[in-house]
Amino acid sequence: MTGFSVRRGRRAGEGRQRLHGIAVVVAVATLSCATVLAMNRQAARTGGPPPGERPRNVVLLIGDGMGDSEITIARNYSVGAAGRLAMDSLPMTGAYTTYALQEAAPDKIEYVTDSAASGTGWATGHKTSNGRIATSAGSTDVAPLATILELAQRAGYRTGDVTTAELTDATPAVLASHVNSRTCQGPADMASCDAYRKEHGGPGSIAEQQIDHHVDVLLGGGRSRFAQRITGGPHTGLMVLDSARQQGYAIVSNAAALKQSPPGRRLLGLFNDGNMTLEWGGAAAAAFPGSGPQSCVEHRRELTGEPSLAEMTARALDLLGARFFLQVEGASIDKQDHEASPCQQIGETVAFDRAVKVALDFARTHPETLVIVTADHAHTSQIVPVPQPGDKVRPGLFSTLLTKDGSLMTINYATRAGEIQDHTGAQVRIAAQGPMAERVLGVTDQTDLFRTMAAAMGIDVKSQSSNPKAQIPSSR
Ligand SMILES: [Zn+2]
């Protein structure tokens, strides 16, 4: 059994739940007391709202590396400085801090986080060190931290995990796997994670764990990780893909098949061997005065056969229906910021914003849906003055773009010289609408998001927080 317990029914609305039960008994004389008590016992066992209340949903949309700067750049370019993106329309907006811990000294702060540590923050409610996936900083044992997806599953919620990166990349990984290094993505990638190997009694690589967790909808890139062969346990010698089939997954590999995917079955959609194809092209930033002025080129997605992030989000919402937890990641905002490629970065931000619109449209007809739009960490790109003749040489890489306003906007990348750019340590935006949305107001921390989402789903996590070394579910 698990090392932590969710105290079902012990939530802020418990009193309301009891009153609700009494009201039902009085009003509906034809229902026996025993039936009503059984219904309330059912609600108490599974968590979530009591019988008769609309089921609640949580849609968490993560723009990887999408700090305020990346949002402003995409807004200026695509809709103009006075325009508004879909993600700008959420009514509750706050900021949250994203720092990590040091692996060698877990009581000390690491001010610049990576996606693994920051994702672990909202997935588990615990800070960890860079590179770790839902495990504790400094631990040498197999020591998983329970995740919001696992808690949602146990409370009877359906679950989904969608990304434009490899599915085994850090942000999708933190929900449904536990491992000491984000590099351990497939069974053949386990060099840094010996204790987690299946042949050593561990839970295996990220790909194996995601399948073994029975997440209802898994969509993204990273097919090559799932084509690796399992090296321990009952499925030894099988590819992870075959293990997925044996565990009831339908597997699709292009946009057309995604549209036709069978409802009522687990779905694994792998649309690229690596990360999914970028939305836009353009010249990378260059030494002062930089590339451009340029306009970005929008790729024709239909040529790749891959679905867009918005299409994946829409299909996931269709399949999950009601009473679910879904995470959607726009992954390559970060990856193209690292590359100092402004058009690609903006194209991915715009594509992410289209996925936000899909979620907001869903929430219009499903008002008991908490929609959260946030990022995992800040990043390099900055809007700086347009280079002028006679300027002294300025540091870093530059590109000047012609925006929707008909004006020039210069983007600067200068956290590294001659290599890939770095994440930065500033707080990032968190915006929300729906039940519990007010909890994002003011300045919070990334780990608070874990408690906000749990509260929206009626899951009590007090006991979980006091027991960080939770065990992997024995049923997996
Ligand atoms: Zn990154």
Side-chain angles (χ1 to χ4, degrees), residues 60-71 73-74 96-101 103 110-123 127-134 161-175 179 181-185 189 192 206 220-222 225 272 274-280 284-285 309 327-349 351-352 373-382 396-397 411-430 446:
L60 171 61
L61 298 119
I62 303 289
D64 200 304
M66 192 185 70
D68 283 343
S69 190
E70 286 71 26
I71 295 171
I73 289 167
Y96 74 2
T97 48
T98 67
Y99 61 92
L101 304 178
E103 174 68 9
E110 184 78 58
Y111 289 105
V112 180
T113 190
D114 80 335
S115 298
S118 61
T120 296
W122 74 71
K127 294 282 184 191
T128 192
S129 58
N130 286 343
R132 280 190 173 270
I133 302 291
D161 199 355
V162 174
T163 182
T164 53
E166 297 186 73
L167 256 174
T168 50
D169 203 10
T171 307
V174 294
L175 296 173
V179 71
S181 169
R182 60 183 290 172
T183 61
C184 300
Q185 297 188 53
D189 307 319
S192 305
I206 292 166
R225 312 286 182 177
N272 195 304
N275 298 317
M276 289 178 68
T277 304
L278 299 173
E279 297 280 345
W280 292 9
L309 186 60
Q327 177 177 293
V328 174
E329 184 204 20
S332 291
I333 303 166
D334 164 81
K335 295 180 194 303
Q336 295 307 308
D337 218 328
H338 282 299
E339 299 292 333
S341 295
C343 284
Q344 290 82 344
Q345 174 189 319
I346 294 168
E348 295 304 302
T349 315
F352 174 73
V373 181
T374 187
D376 52 354
H377 52 75
H379 219 306
T380 305
S381 58
Q382 293 291 328
L397 304 171
I411 311 302
N412 174 231
Y413 297 84
T415 50
R416 293 266 175 174
E419 49 190 327
I420 69 160
Q421 302 294 311
D422 272 326
H423 301 171
T424 55
Q427 66 190 28
V428 296
R429 178 203 280 194
I430 177 168
Q446 213 147 36

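Counting starts at 1 for both ligands and their atoms, following the listed order. Basis for what follows: all heavy atoms, side chains included, without hydrogens, waters or symmetry-related copies. Nothing fancy with the numbering, it's 1 onward along the sequence.
Not a single N/O/S atom of Asp64, whether from backbone or side chain, sits less than 2.8 Å from the Zn ion (ligand 1). Counting backbone and side-chain atoms alike, His377 contributes no N/O/S atom closer than 2.8 Å to the Zn ion (ligand 1). Between the Zn ion (ligand 1) and His423 there is an N/O/S contact shorter than 2.8 Å.
Using modelled atom types, one side-chain atom of Thr424 and one backbone atom of His379 make a donor-acceptor pair closer than 3.5 Å. No side-chain donor-acceptor contact under 3.5 Å links Asp161 to the backbone of Leu167. Judged purely by atom type and a 3.5 angstrom limit, Gln421 uses its side chain to pair as donor or acceptor with the backbone of Arg416.
Under 3.5 Å, the side chains of Tyr413 and Gln345 contain a donor-acceptor pair of N or O atoms.
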